[in-house]
Amino acid sequence: MKKFSIILISIFFMSLNAYAGSDGELKMEKQPKKVKDCFENLNRATFAFNQGLDKAIIKPLAEGYRNLPDPIQKGTHNFVTNLSSLVTIPNNVLQGDIKLAIINTARLAVNSTVGILGTIDVANKMGFPKYEKEDYGQTLATWGVGPGCYVVLPVLGPSTLRDTTGSFMNVLGGDPYYNASVHGNNEFLNESVYMATKAVEGIDFRSNNIESFDNLEINSIDFYASVKSLYLQDRENKISNIRKGNIEIFYKNEEDWEEIDQN
Amino acid sequence: MKKIFLVILFLNFNFLHVFSVEPDIFVQSTVNRASEILTKNISQEDKIVKLKEIAKETVDIQGVGFYSLGAARKNLNKEQKTQYFKLFEDYFLKSFSSRLSEYTNPEIDVLSKKVLSENYTIVNSVLRGTSERPEVKIDWRIYTKNKDNPLIRDLIIEGLSLARTQKEEFASILNSNDGDINSLFKSLEKFSKN
């Protein structure tokens, strides 16, 4: 009950935030609102700290991970992706997408059993639709909660107040894997295993983006602003689910493009 | 006389039709040209020089520059505009060619196109996956105001717009410096000289 109250209070405050940032309009619009960087100085300092951490620890680990044999990397990637279904499925339900929740449940069942704890993506080979992760931040957005301010979290990186609240939902009962690890009272899982899994997930992500990040850093005149822009664009796309279905293109801000010809 | 007029009209129409370039064909041809350079056994510097030549011909650098400035473009005087375009072109060509030159043998397949307006068509393509990288979706925003000479105005890689990222980067520099355009000029200059 206490957890439920915390979640409700969080959503309430996020809604207020959406209200403050959207000139009185609570509903989601196709035209995304500009996300304010309310804590820019702090964010830049945290970003610099994260970059230092990345160069000293995370990137070398990601490079080492990349030297592992391909089947191990692929198996690890499949394993952490399969685990993420445990958060995706309740979010499919909360977003009203029951059909997708059923498909993802079947995918989880097949991959966790036939696919040996998710290390082999059997469902993909069987022709299941492409898997798209969903999280509580995306669900809050589909419920009309605005992003709030942009924040950079230590170690975890770019986020918004809404997405950070969404992440808290995982440890407030929204992630069955966390519940089983921390409160499950079993001999296989504990908090350390949960943290290790999350660390591996991060290293896996970083190893898939080594060149892209290097390239972006070299070719940016303000790397902080580039990362912020790309993060926010990516979140907008995920919230709109533009990769789903047949609508492959979803172009916004057309007036910006049309306007430049009038100069 | 009427016949002559009709013949001239017909020829003119055909002439226009022949020189009108379809955006998807334009993208495929541009990609093929870039791919040819990237697979050539020449130095990285030579590749960059040749990629810059292609970019000058196929990208609307001035249009992208205007877009990247956002609302700040309205406050520039004539001199500042001239200075900006010079700095922006150097910055853009360096950044564009440096990003591209990292790829070796990129194979891009043009899949479809969608007309957004009289001025814009989006061309959808995919960069074929290899053992080292997954398949990447790339959309091209093609400026079609001049049908005979379509130009690239944006690349949208897996849903992430390069022009928008650049625009937000410029806005961030301006915001951090009380909107002083000279701060942006300095950043662009510094980037091009490094």
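Worth saying up front: this structure is predicted, and the values here are computed from it rather than measured. Lettering follows sequence order; numbering is per chain, from 1. The figures that follow rest on heavy atoms only: side chains count, while hydrogens, waters and symmetry mates do not.
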Would the number of heavy atoms belonging to other residues, nucleotides or ligands and lying under 6.0 Å from [atom1] of [X] be above 12?
X	atom1	answer
B:K50	NZ	no
B:K52	NZ	yes
B:E36	CD	no
B:K94	NZ	yes

Is [X] close to chain A through its backbone or its side chain, or both, or neither, when contacts mean heavy atoms under 4.5 Å?
X	result
B:L184	side chain
B:S176	side chain
B:A71	neither
B:K190	neither
B:F170	side chain

Heavy atoms only: give me the nearest [X]-[Y] pair and the separation to one decimal.
X	Y	result
A:W257	B:Y120	O-OH, 3.0 Å
A:S229	B:E168	OG-OE1, 2.6 Å
A:N219	B:S98	OD1-OG, 3.1 Å

Inset, instruction - To the nearest 0.5 Å, tell me how far B:T165 OG1 sits from A:L216 CG. - result: 8.0 Å

Inset, instruction - Verify, without hydrogens or angle tests, whether B:Y91 (side chain) and A:I221 (backbone) share a donor-acceptor contact under 3.5 angstrom. - result: no

Inset, instruction - Spell out, as yes or no, whether a donor-acceptor pair under 3.5 Å connects the side chain of B:E169 to the backbone of A:D222. - result: yes

Inset, instruction - Flag the one option from B:N194, B:I173, B:L188 with the top tally of heavy-atom pairs under 4.5 Å to chain A. - result: B:I173

Inset, instruction - Measure distances from A:E40 to the heavy atoms of chain B and classify the residue's part below 4.5 Å as side chain, backbone, both or neither. - result: side chain

